[in-house]
Amino acid sequence: MEEAASPSSLFDGDEVWDGLPASAPARDDAALYLELENWEGPLDLLLDLARRQKVDLRTISILDLVDQYLGYIDRAEAMRLELAADYLVMAAWLAYLKSLLLLPRDPEMQPSPEELALRLQLRLQRLGAMREAGARLMGRDRLGRDVFLRAAPEGLRVDRRHRWTCDLFDVIQAYGAVKARTAPVVHMVRERAVMTLESALSRVAALLGTSLEWQDLRSFLPPRAEPGWEDPMLRRSALASSFVAALELAKQGKAEILQDETFGPILVRALAA
Amino acid sequence: MSAPDDLVRAVEATLFASEKPLTAEEISRHLGGAMVRSALAELAAHYEGRGIELVERGGRWHFQTAGDLAHLLRREKEDVRRLSRAATEALAIVAYHEPVSRAEIEAIRGVQTAKGTLDVLMEAGWVRVAGRREVPGRPTIYATTPEFLAHFSLSSRRDLPGIDELRAAGLLDPVDDAYALLTGGEDGDRGPNSEKEDESS
Amino acid sequence: MSAPDDLVRAVEATLFASEKPLTAEEISRHLGGAMVRSALAELAAHYEGRGIELVERGGRWHFQTAGDLAHLLRREKEDVRRLSRAATEALAIVAYHEPVSRAEIEAIRGVQTAKGTLDVLMEAGWVRVAGRREVPGRPTIYATTPEFLAHFSLSSRRDLPGIDELRAAGLLDPVDDAYALLTGGEDGDRGPNSEKEDESS
């Protein structure tokens with residue numbers, strides 16, 4: 001059986017319970033049945049009935065208790081009160097226990113009916129102990145009800161303060177880094193041998209002549225054997241200048257350029273005027 | 001009356017000004033590491049019988065009004081939560097048996113305990129999750145908090161009303177243990193709603 | 001010490017639990033019309049010299065922490081922090097170039113300098129405002145403090161190593177290294193087709 005308990009309803013004024021259940025005074029049956037909803041399951045009901053025996057839980061008569069419980073369930077059914085399944089299961093089990101207690105003892109039976117009754121009694125004692133403990137707890141001096149803290153304390157505040165550290169080496173190193181980072185950057189271009197565009201233009205134009213054969217652009221470069229022309233940097237310069245020269249001639253309509261594939265040889269021939 | 005020494009005054013002022021109960025260690029740290037135990041004892045003795053008392057609750061110290069003056073101070077509108085019966089029983093079970101799993105609470109109460117019941121106790125700050133029990137299913141276990149002790153004016157769990165008697169009577173032992181002790185026999189068939197060993201919910 | 005009587009205890013607890021200072025009349029009303037003047041006087045005397053005192057302000061009474069212990073309520077806690085990279089650079093620039101404006105620091109650092117950075121240096125006590133520069137906009141200028149020299153064990157700013165010394169110490173090297181790395185290798189012909197190109201010529 002699940003308690004229909006939402007957090008808010010637990011503190012609801014209607015269903016407050018702040019101590020022992022008001023079960024001690026004997027009541028008439030009608031009042032008893034109206035309480036049905038207040039019991040939290042069959043064990044709770046059994047405990048309440050046991051308390052009505054007004055004896056120590058260690059000395060209650062389980063047979064009497066069973067009779068009271070079964071009588072209660074019978075009358076509740078007669079009054080057409082809806083009983084949760086737990087109550088009926090407990091009733092069936094108690095009826096079974098009662099029959100075992102009354103019938104001639106079967107020595108083979110384990111555990112014995114008396115032991116089953118003892119187990120029930122132990123459970124009732126434990127629940128009873130906790131119910132009483134809860135009531136005594138609630139009756140203690142409670143903070144905010146019986147005893148009070150200081151209502152307006154000044155409060156303790158801890159102000160955090162930074163103490164900064166740094167060492168001289170860090171400062172000097174930082175300055176070095178700043179100076180190095182922001183030092184003006186000077187770009188030096190080295191002087192080196194180049195083939196100028198003018199000389200490339202005249203050389204390509206002369207070599208191309210009026211030949212209508214495709215020629216590799218590289219064949220327009222001066223031969224390595226010529227003094228100075230073994231320098232690879234100068235050769236790269238010559239190749240670049242020759243290419244620009246070829247483009248210039250093509251622009252002037254004096255040559256055409258062919259390249260079959262990307263990075264393939266660049267071919268040049270004179271264009272018939 | 002002899003004048004209190006500087007340390008006693010400092011401890012007194014610190015506790016008085018604090019917005020929450022303080023452990024001896026916290027007070028000591030606030031006062032630059034001074035040893036405060038004897039100052040606390042001296043203060044507690046000084047305030048005994050006055051309208052304000054210095055009390056220790058679960059290792060934390062605070063000033064509060066004397067309990068016997070409750071009738072003068074009780075406010076019209078109580079701001080103390082009134083607990084449902086289910087919540088009161090669950091709280092008592094946690095306090096007297098801690099740490100306990102929800103299944104163990106249910107075994108004692110003979111009824112399922114709604115999740116909301118424990119939530120209410122945790123929201124009130126009286127019950128906390130205290131880990132998991134290392135058994136199959138690893139159920140969550142619950143225990144009380146220092147705030148619980150403070151709220152119910154308990155110095156420690158040893159102050160729980162009647163706990164020594166309950167323990168001596170075996171009423172804090174599980175039914176199975178008590179049963180085995182009384183019968184010297186094996187656990188047999190159990191009645192309906194008997195202890196559910198597994199945390200099924 | 002004689003035990004306080006019930007009225008004194010009640011007044012003591014009432015004032016302690018009150019959210020605001022109370023007049024004698026309010027206390028009296030709260031305690032069913034009792035005469036509380038002498039109880040208040042007795043309490044004030046009792047608390048004199050303790051860590052807590054009972055004071056009257058404008059006819060209202062309240063407990064407060066003793067004035068000489070106010071430092072306990074506002075305690076300072078220091079934690080040690082290392083200066084950030086940006087703050088260290090700013091500090092170095094102030095030290096080498098003082099007095100400098102923030103704009104000048106930024107010009108030297110080559111990056112913007114957050115206002116907070118200078119605040120940190122001033123909080124540390126190493127940098128101070130040294131007036132304003134008499135140029136349009138009159139920018140604030142900053143300089144180092146004697147604490148700066150003390151912290152870094154310098155007898156004067158002249159103890160700071162000069163640029164030449166920094167270079168000799170290798171402190172300007174990192175960028176030189178990078179420069180060499182970027183430009184050092186022969187910028188010769190490294191294209192994959194270079195060999196072929198030469199062959200065919």
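Labels below follow one simple rule: chain letters A, B, ... track the order of the sequence lines, proteins then strands, and each chain is numbered from 1. Worth knowing before you read on, the calculation uses all heavy atoms, side chains too, and leaves out hydrogens, waters and symmetry mates. Only a predicted model underlies this, so the values are computations on that prediction, with no experimental measurement involved.
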side-chain contact (heavy atoms from CB on, under 4.5 Å) evaluation trace for A:Arg150 with B:Ile52: CA-CA 10 Å; A:Arg150 190 173 173 215; B:Ile52 306 168; over 6 Å; no
Locate the shortest heavy-atom distance separating B:Leu171 from A:Ala129; write the atom from each residue and the value. CD1-CB, 4.1 Å
Need one label for B:Asp177: side chain, backbone, both or neither, based on atoms under 4.5 Å from any heavy atom in chain A. neither
Can B:Arg109 and A:Glu40 be counted as an ion pair, charged N to O under 4.0 angstrom? yes
Specify the closest pair of heavy atoms between B:Gly110 and A:Leu43, including all atoms of both residues, with the distance to one decimal. CA-CD2, 3.8 Å
Contact class of B:His71 relative to chain A, heavy atoms under 4.5 angstrom: neither
Interatomic distance, CD@B:Glu89 vs CE@A:Met130, rounded to 0.5 Å, equals 10.0 Å
Go through B:Ala169, B:Ala90, B:Pro21, B:Ala150 and name the one with the most non-hydrogen pairs under 4.5 angstrom from chain A. B:Ala150
Heavy-atom contact with chain A under 4.5 Å, split by part of B:Leu172: side chain
Donor-acceptor contact below 3.5 Å, side chain A:Arg140 vs main chain B:Phe152: yes
Backbone N/O of A:Gly134 and side chain of B:Thr88: donor-acceptor pair under 3.5 Å: no
At what distance, to the nearest 0.5 angstrom, does CD1 of B:Ile93 lie from CZ of A:Arg131? 9.5 Å
Under 4.5 Å to a heavy atom of chain A? For B:Phe63 that would be backbone
Do you know which two heavy atoms are closest between B:Ser18 and A:Pro153, and how far apart they sit? O-CB, 3.6 Å
For B:Pro161 against A:Arg136, the heavy-atom pair lying closest together: CB-NE, 3.6 Å
Please test B:Leu154 against A:Leu137 for side-chain contact (heavy atoms from CB on, under 4.5 Å), starting from the C-alpha separation and ending with a verdict. CA-CA 10 Å; B:Leu154 300 163; A:Leu137 213 45; 4.2 Å; yes
Side chain, backbone, both or neither: which part of B:Leu166 has a heavy atom under 4.5 Å from chain A? side chain
Please tell me if the side chains of A:Asp44 and B:Arg85 come closer than 4.5 Å, counting only heavy atoms from C-beta onward. yes
With chain B, the option among A:Asp141, A:Leu47, A:Leu46 that has the most non-hydrogen atom pairs under 4.5 Å is A:Asp141
Just wondering, more than 12 heavy atoms not from B:Asp6 lying within 6.0 Å of its CG? no
Side-chain heavy atoms of B:His62 within contact of A:Leu143, under 4.5 Å: yes
Drop me the distance from A:Phe148's CZ to B:Leu69's CG, to the nearest 0.5 angstrom. 10.5 Å
Go through the atoms of B:Ile163 and report whether side chain, backbone, both or neither lie under 4.5 Å from a heavy atom of chain A. neither
Taking the basic N atoms (NZ, or NE/NH1/NH2) and the acidic carboxylate oxygens, is any pair closer than 4.0 Å for A:Arg126 and B:Asp173? no
Cationic tip of A:Arg119 above B:Tyr179 ring, under 6.0 Å, 45° of axis: yes
Using a 4.5 angstrom heavy-atom cutoff, name the option from A:Glu114, A:Gln121, A:Glu154 with the most pairs to chain B. A:Glu154
Under 4.5 Å from a heavy atom of chain B, the part of A:Leu120 involved: neither
Segment of B:Leu160 engaging chain A (4.5 angstrom heavy-atom cut-off): side chain
Side chains of A:Leu156 and B:Thr14: closer than 4.5 Å at any heavy-atom pair? yes
